[in-house]
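Step one of this worksheet: look at the structure below.
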Protein chains: 2
Amino acid sequence: MITIRDIANQAGVSVSTASRALNDNPRISAATRRRIQSLAARLGYVPNYNAKSLTRGEANVVGVVFPPSQSSTQGNPFFIDAMRGINRVLTQRQYVLSVAIGETSDDVLANVSAMVDQAKVKRFVLLYSHEDDPVADYLRLAGLRFVIVGQPSVSHDDDYVDNDNVAAGEAGATYLIDKLHANRPVFVSSAVDWPYEQNRRQGFKQVATKRGVPTAETQLPRADAPIASITEWLESHPNIDGILATDDLIGLSFYQRWQHVHPDAQVPLVSYNRSISLPLPNVNFHSIDLYPERLGAAAAELVFRKHSTEAGHENRIILPFEQLN
Amino acid sequence: MITIRDIANQAGVSVSTASRALNDNPRISAATRRRIQSLAARLGYVPNYNAKSLTRGEANVVGVVFPPSQSSTQGNPFFIDAMRGINRVLTQRQYVLSVAIGETSDDVLANVSAMVDQAKVKRFVLLYSHEDDPVADYLRLAGLRFVIVGQPSVSHDDDYVDNDNVAAGEAGATYLIDKLHANRPVFVSSAVDWPYEQNRRQGFKQVATKRGVPTAETQLPRADAPIASITEWLESHPNIDGILATDDLIGLSFYQRWQHVHPDAQVPLVSYNRSISLPLPNVNFHSIDLYPERLGAAAAELVFRKHSTEAGHENRIILPFEQLN
DNA sequence: CTGTTAGCGCCTTCAT
DNA sequence: ATGAAGGCGCTAACAG
């Protein structure tokens, strides 16, 4: 294994000069900097992260925090894609991605604080958020850098990266009404009614109102709940001719129900997340990609900039979603 | 921040004694060991991983490698759940989970080798495998410890953790035929036809043959392919009265198609992975849980034991899947 | 059973 | 613009 000493010797300079040169310290002349860097490259020098972290007092690690849950959360492909995006930028920064994941909020918090105390991790990306999240509270209190992917808590000025979910709701509604000719669309969300679902509903309603189209809305009960209610709902709303759902699986589930009640008809379905990579019989199915990989990448970039409380809001990033034509 | 020096001083011993005591080294008397450990606990001492890793020459990190892919892979909840299982055992071992993920095999390999070279990671869990996987080749060659979750490559004696997929196929078929009374079941797999799908098909066929039931099988084309073929297939197989699919989403997609062709009938569906946490109208839908979290946990345990090429095969772990009644 | 000592590889004052 | 030297926190020979 080749260390900074080796390259210092071979270059005929001191270790400290080599260190500075490799870290692009302007105190070293551009000439020797290049000389040493290319020598290092030629020798296949790779810095030892542990040694680096020890002296710096910070590990070159970004902690990625998953929402606490016993079983897999919905909207799953989102997380994997986001991780890929995060890792893409971490790699080029010579950083490593570590994850904190657990069943309960306490598990995750313990995981995170272990990273902080033992591994000296100082930057985090949260893949979720809700009010009074103990992990966010902890990070805030500890003065550590973190960025939220998704809807941030309203009572803090945390930095975040998100889509404009009102606009996403508008886009889905516009497509459903204008292109797929739905005159009586229904908006379907989960029983949890996440903030992003509320925003998309808002967008949906705005467009429908502007078009003079009546709106309907309902929520899909959880898997363990009786589903008769959906059937009832559908029977009391016989004219529904378009579905906008907050997630592909929710949409699909609702669509199934619809099909059951209206065996010989068809209804267009628009939803979000591109989580179904399989052919669906309904040719009028459209999933809006929210580009989670881009969200992840942007969050990772952001986590290397310092938190600014300025009015400029330069650390609140809104990214576009897929455009439908 | 309190270091090992502090506790050594307060305990009135040398740093090395403190170090040994904290690491449960038998060379230190049980008495002082307990004394020092409780002192450390009282003082809230946490070891610095970076310093530890530097001297040990190995980071207390396990690298978790995702299959290379541009977008989210199918069977997604599997990965998240597996990570949770892995992290559960890593936490109690004072280890941290880092992930390697990327679009191409080269990306992932670069990621892994950076972990190895720079971060001194020496243990890995692969969440996939196929023949001639460059990552596995690299790890094998470098003599690093790794465990595969899932079907291992046949041409090596890598350690792995997996379900018995033939048995899983049998279980699904048994349930479908005996309990749900399917007399003309169809086995549906993906267009990729992964090894685990082949195994489940084999189990399916064995049971069907034993029951004297005719078997049918087909594959679902990819999302971008024309799906007319499924309709054709269904029309030429009008008597299908049960579906066994290798994944919930595949099953659901196929079921949709079936429903389209047979609008007023019902058909039972059995598939794997518990990836749909939503109510489905079809009361005869049954998803077999493969317990990915347990697979992950077992893999993490295994990665701390050394690879044995002995005939005992103690490092090939087969875990049970959900039992249907 | 315990202490002394010498690093692990790197960064960073402090000199020059 | 570059060197020398100390130290980050911990482990592991080597002594005793």
Side-chain angles (χ1 to χ4, degrees), chain A residues 1-37 39-40 43-61 94-96 114-122, chain B residues 1-37 39-40 43-61 94-96 114-122:
Chain A
M1 191 198 139
I2 154 161
T3 77
I4 202 172
R5 279 187 75 124
D6 300 324
I7 85 135
N9 289 151
Q10 297 222 19
V13 298
S14 74
V15 175
S16 54
T17 299
S19 172
R20 291 192 184 103
L22 292 172
N23 290 304
D24 266 321
N25 189 318
R27 288 169 56 182
I28 303 298
S29 73
T32 44
R33 238 187 294 168
R34 267 185 293 107
R35 185 167 64 87
I36 291 181
Q37 287 177 1
L39 175 62
L43 298 184
Y45 165 76
V46 291
N48 183 325
Y49 282 4
N50 299 126
K52 209 165 187 168
S53 300
L54 182 58
T55 56
R56 286 197 319 152
E58 171 181 354
N60 46 354
V61 169
Q94 309 259 85
Y95 264 65
V96 157
M115 285 178 142
V116 172
D117 294 335
Q118 325 217 26
K120 310 300 175 195
V121 178
K122 300 230 190 299
Chain B
M1 188 198 139
I2 153 161
T3 78
I4 202 172
R5 279 185 76 121
D6 300 324
I7 84 135
N9 289 150
Q10 298 222 17
V13 298
S14 75
V15 174
S16 56
T17 298
S19 172
R20 291 193 184 103
L22 292 171
N23 290 305
D24 265 323
N25 188 318
R27 287 167 57 182
I28 303 296
S29 72
T32 45
R33 237 187 294 167
R34 266 184 293 108
R35 185 168 63 87
I36 292 180
Q37 286 177 1
L39 175 63
L43 297 184
Y45 165 75
V46 289
N48 182 325
Y49 282 4
N50 298 127
K52 211 165 184 167
S53 300
L54 181 57
T55 57
R56 286 197 320 150
E58 170 181 354
N60 47 354
V61 169
Q94 309 259 84
Y95 265 65
V96 158
M115 285 178 147
V116 172
D117 294 334
Q118 324 216 26
K120 311 299 177 194
V121 178
K122 300 231 191 299

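Every chain is numbered from 1 and lettered A, B, ... according to where its sequence line falls, protein lines coming before strand lines. Note that the structure is a prediction, hence the values are computed from the model and not measured.
In this structure, B:Tyr49 places its OH atom 18 Å from C1' of D:dC8, rounding to the nearest Å. The CG-P distance, from A:Asn60 to C:dG9, rounds to 17 Å in whole Å. With rounding to whole Å, B:Asp24 atom CG is found 16 Å from C:dC1 atom C1'. One can place CD of B:Gln94 at 12 Å from P of D:dT11, the figure rounded to the nearest angstrom. Rounded to an integer number of Å, the gap from B:Asn25 CG to D:dA12 C1' is 10 Å. Taking atom CG on B:Leu54 and atom P on D:dT11, their separation rounds to 11 Å, with Å as the unit. For A:Asp117 and D:dC10, the CG to P distance is 13 Å, given to the nearest whole Å. Taking atom CD1 of residue A:Ile7 and atom P of nucleotide C:dG9, one finds them 14 Å apart after rounding to whole Å.
Close to D:dA1, at under 4.0 Å from its OP1 or OP2, lies no side-chain N or O of A:Thr32.
Applying the side chain to side chain donor-acceptor pair (under 3.5 Å) test to every pair with at least one member in residues 7-20 of chain A, sequence neighbours left out, gives these pairs: A:Ser14-A:Ser16, A:Ser14-A:Thr17.
Between B:Ala18 and B:Ile36, the shortest heavy-atom contact is CA-CD1, 4.1 Å. Taking all atoms of both residues into account, the shortest heavy-atom contact from A:Asn50 to B:Ala119 is OD1-O, 3.6 Å.
A distance of 5.0 Å separates CG in B:Asn48 from CE in B:Met1, rounded to the nearest 0.5 Å. For the atom pair CD (B:Gln37) and CD1 (B:Ile7), the distance works out to 9.0 Å, reported to the nearest 0.5 Å. In this structure, the separation between CD1 on B:Ile2 and CG on B:Leu43 is 4.0 Å, given to the nearest 0.5 Å.
The backbone N or O of A:Gln94 lies less than 3.5 Å from a partner atom in the side chain of A:Tyr49, making a donor-acceptor pair. A distance-only check finds no donor-acceptor pair linking the side chain of B:Gln118 to the backbone of A:Val46 [under 3.5 Å]. Side-chain N or O atoms of B:Asn23 include none that pairs as donor or acceptor with a backbone N or O of B:Asn25 at under 3.5 Å.
An angle of 30°, rounded to 10°, separates the two end axes of the helix from C:dC1-D:dG16 to C:dT16-D:dA1, each defined over five pairs.
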Distances under 3.5 Å between protein N/O atoms and the N/O atoms of nucleotides 10-13 of chain C, please, pair by pair.
from	atom 1	to	atom 2	distance (Å)
C:dC10	OP1	A:Tyr45	OH	2.7
C:dC10	OP1	A:Asn48	N	3.3
C:dC10	OP2	A:Ile4	N	2.6
C:dC11	OP1	A:Asn23	ND2	3.3
C:dC11	OP2	A:Ser19	OG	2.8
C:dC11	O4'	A:Thr55	OG1	3.2
C:dT13	O4	A:Arg20	NH2	2.9

